[in-house]
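This report refers to the structure that appears directly beneath it.
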Protein chains: 4
Amino acid sequence: MPKIVDQEQYRKELLRKAFDLLAEKGYANVTTRQLAKELGISTGAMYHYFPSKKALFEQLVEEMGQQDVGMLQRRVAGATSLNQRITMLGTFLIENEAYFVKQTAIWTDFCMNSNLEEMTSNDVFRRVDQRYRQAIAEALNLADPRMAQFIWTLVNGVLVEQVSNPDAGGFAEQIELLTAMLIAYFEKFPT
Amino acid sequence: MPKIVDQEQYRKELLRKAFDLLAEKGYANVTTRQLAKELGISTGAMYHYFPSKKALFEQLVEEMGQQDVGMLQRRVAGATSLNQRITMLGTFLIENEAYFVKQTAIWTDFCMNSNLEEMTSNDVFRRVDQRYRQAIAEALNLADPRMAQFIWTLVNGVLVEQVSNPDAGGFAEQIELLTAMLIAYFEKFPT
Amino acid sequence: MPKIVDQEQYRKELLRKAFDLLAEKGYANVTTRQLAKELGISTGAMYHYFPSKKALFEQLVEEMGQQDVGMLQRRVAGATSLNQRITMLGTFLIENEAYFVKQTAIWTDFCMNSNLEEMTSNDVFRRVDQRYRQAIAEALNLADPRMAQFIWTLVNGVLVEQVSNPDAGGFAEQIELLTAMLIAYFEKFPT
Amino acid sequence: MPKIVDQEQYRKELLRKAFDLLAEKGYANVTTRQLAKELGISTGAMYHYFPSKKALFEQLVEEMGQQDVGMLQRRVAGATSLNQRITMLGTFLIENEAYFVKQTAIWTDFCMNSNLEEMTSNDVFRRVDQRYRQAIAEALNLADPRMAQFIWTLVNGVLVEQVSNPDAGGFAEQIELLTAMLIAYFEKFPT
DNA sequence: AATGAATGAGCGTTCATTCAT
DNA sequence: TATGAATGAACGCTCATTCAT
């Protein structure tokens, strides 16, 4: 069944093309016509590959999640100490700044466009979110998963600031500062 | 004689009523009809008090900003050391958790619904954002305003996590972790 | 009952104040709020004097009609020959150019805002229109009322042109040309 | 493959269908829903062919202008004397009475719904109006273009009367009277 | 598979009219 | 009488989705 593989590939290529536009404008501010234009196909064709605008968005979020987790795992594979893991997470983020800022924009937008009850009941959200947590916990290899969650929260804070604040200043600088803080914390309270 | 004696006060009361709904659903997902229903008035009356949906939203953001800044100033008034200031900021946030989470939802939504150029040119955004930064810098009384800004970024990270992640776990716990981390950092690198 | 007279007087004064605004913007482009502001009263008070916006407009049209007819009758009172009558009608129009152009704007607007069946069934329209025709016929003292109607039609043509065509050129010049044409016609075909 | 092969032609067909309704009710008194119903399509489809209600109206005015000018040119092509030209213009109008009365209603409405400054700055108005003037001047072939303009003003007067006055009496009769008057004038003052 | 014209519910907004004061 | 806040039906218009081709 090579056909199905090709379809899958094409679907993923379309999602990749949609990424930038949705990150820049946000789900609610992009029309299906704009989206189809960006993908280089007709609206009808778009509905052939995705059952709805919302589904396209969800598939994009899911796709991103899988990609991120894979990238992260590969990246921290060789780290041995906690400090090293944290530093590696930092350089990984800094090297892919543009991507992660956009990704944060999309994820935040995704959350804003679901109300609270939807979010807890939404399969895509639960699945992707859980995978993220697990990947972060594994990558940092921390005994306490809540600490892994906390670090991820702070990283997200820096990313959200980049999205929502044009004057936020250097991303690299902030991530390095965060790394230094975490190291100072773990020196004081070794796990 | 008009029914409403103090228009200004009534307008603020309407903003307060709009707060919860906008925090929960987000600007783009609330219609003017829903909003009017929530406020307990007709759409026409709503347009009597606010020139547009956008203006209502902006006034809400501005109103919140003023309130927050005032509250924060009063709260940290008596603090003497940096550690004390940081701790006070933490307990202040924890005590008003529900309010600040909603407030973060609205502010984030405000940023997501404006594209970058709009945000930098939007008077309301610029004004309120600047007041926030200044208030935070004053509250923490740090020599380097960028450090104050960065701490605020991390606090926002914790708040955003509460908004976007219903399973994120205890807000108080995370803020306390953050406080501990900051104290550890400043012990290692005294300012 | 001097009270009633005063009310009547005030109502007419309000109509006079509404005249310019309605002539300039047109019925559909003036809101009741604008109208009330122009009259220097509240919308509530306006509805005390006029049962509806439409009624105000109709009363204005009727009032204008009565005024015009009276003015015209007084003006041509002393004329003896047809040429003299036509010339007098011409100078009368030229001397009151601004008024008649506005009046034409309002009357045309009134007709455009009534559909055909309304116009034939509308009491105000029928009454005012009939008075106009009769006044013109009397003023010109023509044996054939259709000829009077025809002359009035041509005069209206010149007036409408002033309303709808900013480059139409001198009103006086055009009325004089029309007068010359009519005189040439009556020299060739004496009545 | 799209359903409609020739968009341009369909657009003109839609304008033709809109003509009667707009002539009868006037721009301000026809809603987009009514208009769409009259055209036999949905409001959405209407906005597919016309960017706005105003644009539809302007395109209608422009389309009419082109059509009229072409018809008029073809009609007076063979005329040699001024009297012949005037007579031909008259019979041309009489033969197309219903069309020209509606056309006058639309054009007058167009002028009433634009205030003065809009009219002078409106590209459509300027262009169509200029084409009309030129066509009339050419059709009558008068040395003085202002005389051609004035004759057109009188013709418009007769047309407006038909629009605004259901009892105005025979259109043909009035046009014939006008023709006779013009001929009498030019006999007295040959150009 | 692919197109894009067509749909129509629903959007933000307006405004003639009403009515508590 | 007079005010102007309040109403809500209706406006011009948008856009996710469908479907004939």
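Chain letters run A, B, ... following the sequence lines, proteins first, then strands; residues in each count from 1.
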**Message:** For residues 30-58 of chain B, which residue pairs pass the salt bridge (Lys or Arg N to Asp or Glu O under 4.0 Å) check, not counting sequence neighbours?
**Reply:** B:K54-B:E58

**Asked** Under the ring-ring contact (aromatic ring centres under 6.0 Å, His included) test, which residues partner A:F50, sequence neighbours left out?
**Response** none

**Prompt:** With D:R127, which residues qualify under side-chain contact (heavy atoms from CB on, under 4.5 Å), at least two apart?
**Reply:** D:E62, D:D123, D:V124, D:R131

**Request:** Could you list the residues that satisfy ring-ring contact (aromatic ring centres under 6.0 Å, His included) with A:Y47, not counting sequence neighbours?
**Result:** none

**Request:** State which residues pass ring-ring contact (aromatic ring centres under 6.0 Å, His included) with B:F110; sequence neighbours excluded, sorted by chain then number.
**Result:** B:F57, B:W107

**Message:** Pairs counted only when both distances fall under 3.5 Å, Watson-Crick or G-U: show me the 5' to 3' dot-bracket for DNA chain F, [ ] for pseudoknotted crossings and | for other-strand partners.
**Reply:** .||||||||||||||||||||

**Request:** Determine: side-chain N/O of C:Q7 to OP1/OP2 of F:dT1, distance under 4.0 Å, yes or no.
**Result:** yes

**Asked** Mind checking what makes side chain to side chain donor-acceptor pair (under 3.5 Å) contact with A:Q59, not counting sequence neighbours?
**Response** A:R11

**Asked** Who pairs with C:K25 by side chain to side chain donor-acceptor pair (under 3.5 Å), at least two apart in sequence or on another chain?
**Response** none

**Message:** If you take any heavy atom closer than 4.0 Å to DNA chain F, which residues from residues 32-53 of chain C end up in contact?
**Reply:** C:R33, C:S42, C:T43, C:G44, C:A45, C:H48, C:Y49

**Request:** Within residues 16-31 of chain C, find the residues that approach DNA chain E with a heavy atom at under 4.0 Å, and present them sorted by residue number.
**Result:** C:V30, C:T31

**Prompt:** Partners of A:Y99 by side chain to side chain donor-acceptor pair (under 3.5 Å), sequence neighbours excluded?
**Reply:** A:D68

**Request:** Mark yes or no for whether A:E24, through its side chain, and A:L21, through its backbone, hold a donor-acceptor pair below 3.5 Å.
**Result:** no

**Request:** Could you list the residues that satisfy side chain to side chain donor-acceptor pair (under 3.5 Å) with A:N113, not counting sequence neighbours?
**Result:** A:D109, B:N29

